[in-house]
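The model shown is predicted, which means the values in this text are computed figures rather than measured ones. All chains are named by letter (A, B, ...) in the order of the sequence lines, taking the proteins before the strands, and each is independently numbered beginning at 1.
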Amino acid sequence: MDFKRRNGGPAMGGTSQAKKGKMNTEWEDSPSQFEEELALFDEMEMEAESGEGQAGDLFSADLNPRWKRPHAPPLQPNSDTLIFQQIDLDYYLGSAVAGMPGQVQGKVPIVRMFGVTDSGNSVCCHIHGFAPYFYVPAPNGFTSAHLAEFQRELNSAVLKDMRSNKDNIAVTVLAVDITRKESMYNYHGNKPHDFLRITMAMPRLIAPAKRLLEQGFKFANFATQSYQAYEANIDFEIRFMVDSDVVGCCWIELPKGKYRLREERSEGQTDSKYPGKVDVAWNDLVSHPAEGEWQRIAPLRVLSFDIECAGRKGVFPEPEIDPVIQIASMVQRQGEKEPFIRTVFTLQSCASIVGSQILCFTQEKQLLQSWAEFVRTVDPDIITGYNIQNFDLPYLLNRAATLKVNLFPYLGRVWGSKSVLKDSSFQSKQMGRRENKTVNMEGRVQFDLLQVLLRDYKLRSYTLNAVSFHFLQEQKEDVQHSIITDLQNGNEQTRRRLAVYCLKDAYLPLRLLQKLMCVINYMEMARVTGVPLTYLLSRGQQIKVVSQLLRQAMKQDLVMPVVRTEGGEDYTGATVIEPEKGYYSVPITTLDFSSLYPSIMMAHNLCYTTLLQKNQVEKLCLSPEDFIKTPTGDLFVKSSVRKGLLPEILENLLSARKRAKAELKKETDPFKKQVLDGRQLALKISANSVYGFTGAQVGKLPCLEISQSVTGFGRQMIEQTKQLVESTYTIANGYQADAKVIYGDTDSVMVKLGVATVQEAMNLGKQAADWVSSHFIPPIKLEFEKVYYPYLLINKKRYAGLYFSSNAEHHDKMDCKGIETVRRDNCPLVANLINTCLQNILIDRDPDGAVAHAKEVISDLLCNRIDISQLVITKELTRTAQEYAGKQAHVELAERCTHSTTWSSSCPNLYCASLNPYWARAKLRVCC
DNA sequence: AGAAATTCCTAT
DNA sequence: TCAGATAGGAATTTCT
């Protein structure tokens, strides 16, 4: 139930003043730490080729031997098996290749898979013969004799429906077959029915065919009727992967004799870049499950880059006007410690930097052109950087277009495919409206670190500087945006200063990627859920569940309906037990249901396939032992009648997680450990998102009966837990005191067991957890999790305490939930004040000290000892400040304030809005 | 002036 | 064509 890693926490102490000062040194000073680090990288032959970068020579193996991929061994399709790790796939419409299965006439969809071999050579595999399809239920009385007529009618209806037929499509419906399937929605007696499987010539023909069939379709002497479509809303790539048992980032084997080498496309490109441009039939490729040796990761090339522009004073750079003056690039092989290419392309001369290569250009056009060629030569599998998706890449493309560098925008791996900029926007309840830019680069995974962090981490600030400090305790080279243009217009030394800055901005994303193990974790997520790596950053949560659902359903010949999406009413969620607010100077035991919602779904077999409509009970002659009634009154058949798909998926995920954790314990190789840890994390997140999928009312397959029942069971369980604990652990039953549940939220209860020590609270807690667990159906399990001692319960979802989990002698941390110290909408002064007060109360057990400290800070504030020049006065602050300090103090306060700026998380030194002395005082009174 | 609605961000 | 959920505290603004 934790959807995002939290990394908030107060920005402690007077962080930056002192450190900031140090960074403001002049550029002539001694080399920065980063420069020393750069210099320590291995001695390379790549030293300064300063002077004019001449495109033709630059890319030769003699001059830059590291740029190209390693030379590929010759490949003999008849005797060599080709094995590679697939990292991305897409499809295109092309002409059929002779000898391959599928349609021969016209344009056919061809799946294109990109990957890397163990030796680091790239592969582009064209996969033939797979066509898109969907299902509709066969109408009553339909037999195989009607197939041809149905196909003919639908084909002509789709043709007629087309506004234009640019591609000259002659046949739209390739085939119609009868197959035995069953809808996955509702239990209807395990009886398969006849379904029509309709195969279309192209993915984009599915939508019109589905629409025409839904609107009412007539053929032969069957009456006009509406056909409910099944699986007509599945992305073609996912369809292909599910059907061919391919998961994201898995290893693919093309057996010898089963594939063909593709002729190189002239251009003198017959180098080692694409040793494996191959064609294969879709049913000839072998996909290896990510187990054993197939868990490994190929030596992927990761390129990180950063650009600098010479903007005008006070204006955000515009690509139509402001030039690109530097591009720094670093390339690293996945799994290695440091980048093996470190390069800056600069406009005008630039003094050398030890440990990196500087290429100078006099013409911006040439700089851009050469960098694009550099990308094509290095041929990275993954492209990263900070905000490259919405800034650097769009800027480069627009700048190249302005300067008419016509060969620039070909950055992908597909020869002749132009990279174009697109604006896209999507909205969701969670994120609101969000505008995004996208650039297509076939075969390369764009892994913008900013996007990764926005998705996976809750942070106070997302600037590269703040993020680097947070995760690496390291900061950017300090160069103000406003002086970039001046540095560029200076001399080769000032441009060198800029280049160091630029290099660091390319280097930091690599370091962060490594530290956070992004590539490994995302790959494991792709493998676990079965979707391509790129989907994980470009799409939402739902597609991952859909992919798993389809895979599981296929095994049982179940098909997924297309439901029209309509936002319904809100449904009831979890219970939060009314807190007994107060300060507890005794140990408080916390018991948690582990994986509550997944375990409820498994215990009660809740699924689309087990949902029973009331009128079906009699129809299917079910006895009361065959089904259950959930707290919301919905009926589900038991697993003895039919095992649900969702419980099955969850069991697989959770047992795989157990295995991964067990292996993790045994494993000694740190790299394999990382992979396993990434896997167990992915498995946990995936299990938790299944419930959300059923409750997503604007989704692919919402089922409120399931999600309502899940939360209903949850509410029942937490009440029952409270009741069980309070009725069992009593003086009457021989315990030291009557236990009292003082708080609980969703899946946890906080219990005052009336024992004196943390150790006793742990022991009795474990016992209580087992006792309660025995009252529930497996795998539902209540677990002892921690003891708080002391504990301050302020309100629902707001509390703090010293956290003991394993060692009863020492607390692990001070745990704060929902309080200002963990919220990002308060200024650091408030967070620090509250944090210190809590420490006073919980650690020093000195509430008077807390009050004294608060008074001191407030007095500092009122007496002008704290810079609040950026403070915003709100009505509330006016009122409370008056109450607290009297009118005169407030007037003085107001005089020192401006009305224009709000507190900005990017400026931790500004003490601004929501500093509310009255609030702090009142809260402390309540607490103490 | 006080109630209701809105905004933000968190807990689970 | 795309988007995981509800509960809930606190500050602030808007409505009556």
Side-chain angles (χ1 to χ4, degrees), chain A residues 1-4 6 8 204 207 233 235 424-436 438 455 458-460 535 538-546 562 565 567-579 581 590 592-597 685-704 706-708 710-712 714-715 718 743-750 785 794-799 815-826 830 872-880 902-903 905 913-916 918-920 922-923 926:
Chain A
M1 261 159 279
D2 200 23
F3 299 113
K4 201 164 185 175
R6 263 141 240 256
R204 69 173 162 85
N233 53 352
D235 299 288
S424 70
S425 84
F426 69 82
Q427 51 187 352
S428 73
K429 251 191 227 170
Q430 192 180 217
M431 312 241 240
R433 222 185 144 70
R434 194 161 283 193
E435 306 265 318
N436 260 317
T438 58
R455 265 180 185 249
K458 284 215 159 202
L459 300 174
R460 282 172 183 267
Y535 276 40
S538 65
R539 307 278 294 263
Q541 304 293 322
Q542 294 206 31
I543 187 65
K544 297 191 278 185
V545 183
V546 169
V562 179
T565 151
E569 280 167 35
D570 287 354
Y571 67 89
T572 319
T575 297
V576 183
I577 294 175
E578 192 58 43
K581 299 172 204 172
T590 304
D592 282 48
F593 285 105
S594 55
S595 303
L596 178 71
Y597 288 175
I685 296 171
S686 300
N688 281 337
S689 59
V690 171
Y691 154 77
F693 178 78
T694 66
Q697 293 180 48
V698 188
K700 277 255 158 72
L701 198 59
C703 181
L704 293 198
I706 296 175
S707 46
Q708 286 267 37
V710 170
T711 57
R715 289 192 297 274
I718 199 166
Y743 179 58
D745 186 344
T746 311
D747 58 356
S748 65
V749 287
M750 275 65 160
E785 201 177 76
I794 298 169
N795 213 333
K796 283 183 177 174
K797 298 184 193 287
R798 289 167 71 83
Y799 61 81
D815 202 20
C816 300
K817 291 293 162 72
I819 303 175
E820 274 57 30
T821 52
V822 297
R823 292 180 67 93
R824 298 175 297 172
D825 53 356
N826 284 94
V830 167
V872 173
I873 303 231
T874 64
K875 278 188 211 164
E876 184 70 8
L877 180 58
T878 308
R879 192 175 64 80
T880 54
T902 52
W903 175 66
S905 57
S914 49
L915 177 65
N916 183 331
Y918 172 76
W919 177 87
K923 277 302 157 209
V926 170

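- Atom pair A:Ile718:CD1 and B:dA11:P shows a separation of 16 Å (rounding to whole Å applied).
- Remark: A:Asp235 engages A:Arg539 in a salt bridge (Lys or Arg N to Asp or Glu O under 4.0 Å) (not counting sequence neighbours).
- The interatomic distance linking A:Tyr535 (OH) with C:dT1 (C1') rounds to 13 Å, in whole Å.
- Summarising the geometry, the separation between CG on A:Asp815 and P on B:dT10 is reported as 15 Å, rounded to the nearest angstrom.
- The phosphate of C:dC2 (OP1 or OP2) has no side-chain N or O of A:Gln541 nearer than 4.0 angstrom.
- Partners of A:Lys796 by side chain to side chain contact (heavy atoms under 4.5 Å, CB included), not counting sequence neighbours, listed by chain and number: A:Val576, A:Glu578, A:Pro579, A:Tyr743.
- Residues that satisfy the side-chain hydrogen bond (donor to acceptor under 3.5 Å, both in side chains) test with A:Asp592, not counting sequence neighbours, are absent from this structure.
- Every residue meeting the side chain to side chain contact (heavy atoms under 4.5 Å, CB included) condition with A:Ile718, not counting sequence neighbours, appears here in chain and number order: A:Thr575, A:Ile577, A:Val749.
- The terminal axes of the helix from B:dA1-C:dT16 to B:dT12-C:dA5, fitted over 5 pairs per end, subtend an angle of 20° to the nearest 10°.
- Atom-to-atom, CD of A:Gln697 to P of C:dA5 comes out at 8 Å; the value is rounded to the nearest Å.
- Distance, A:Lys796 NZ to C:dG8 P: 4 Å, rounded to whole Å.
- The side chain to side chain contact (heavy atoms under 4.5 Å, CB included) test applied to A:Pro702 returns A:Val563, not counting sequence neighbours.
- Among residues two or more places apart in sequence or in another chain, the salt bridge (Lys or Arg N to Asp or Glu O under 4.0 Å) test is passed with A:Lys581 by none.
- Residues meeting the salt bridge (Lys or Arg N to Asp or Glu O under 4.0 Å) test with A:Arg715, sequence neighbours left out: none.
- In this structure, the CZ atom of A:Arg715 is 14 Å from the C1' atom of B:dT12, given to the nearest Å.
- Put simply, the residue from A:Asp747, A:Asn688, A:Thr746 that forms a side chain to side chain contact (heavy atoms under 4.5 Å, CB included) with A:Tyr597 is A:Thr746.
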Dump the pairs, protein N or O against N or O of nucleotides 4-8 of chain B, anything under 3.5 Å, distances to one decimal.
residue: B:dC8; atom: O2; partner: A:Arg823; partner atom: NH2; Å: 3.4

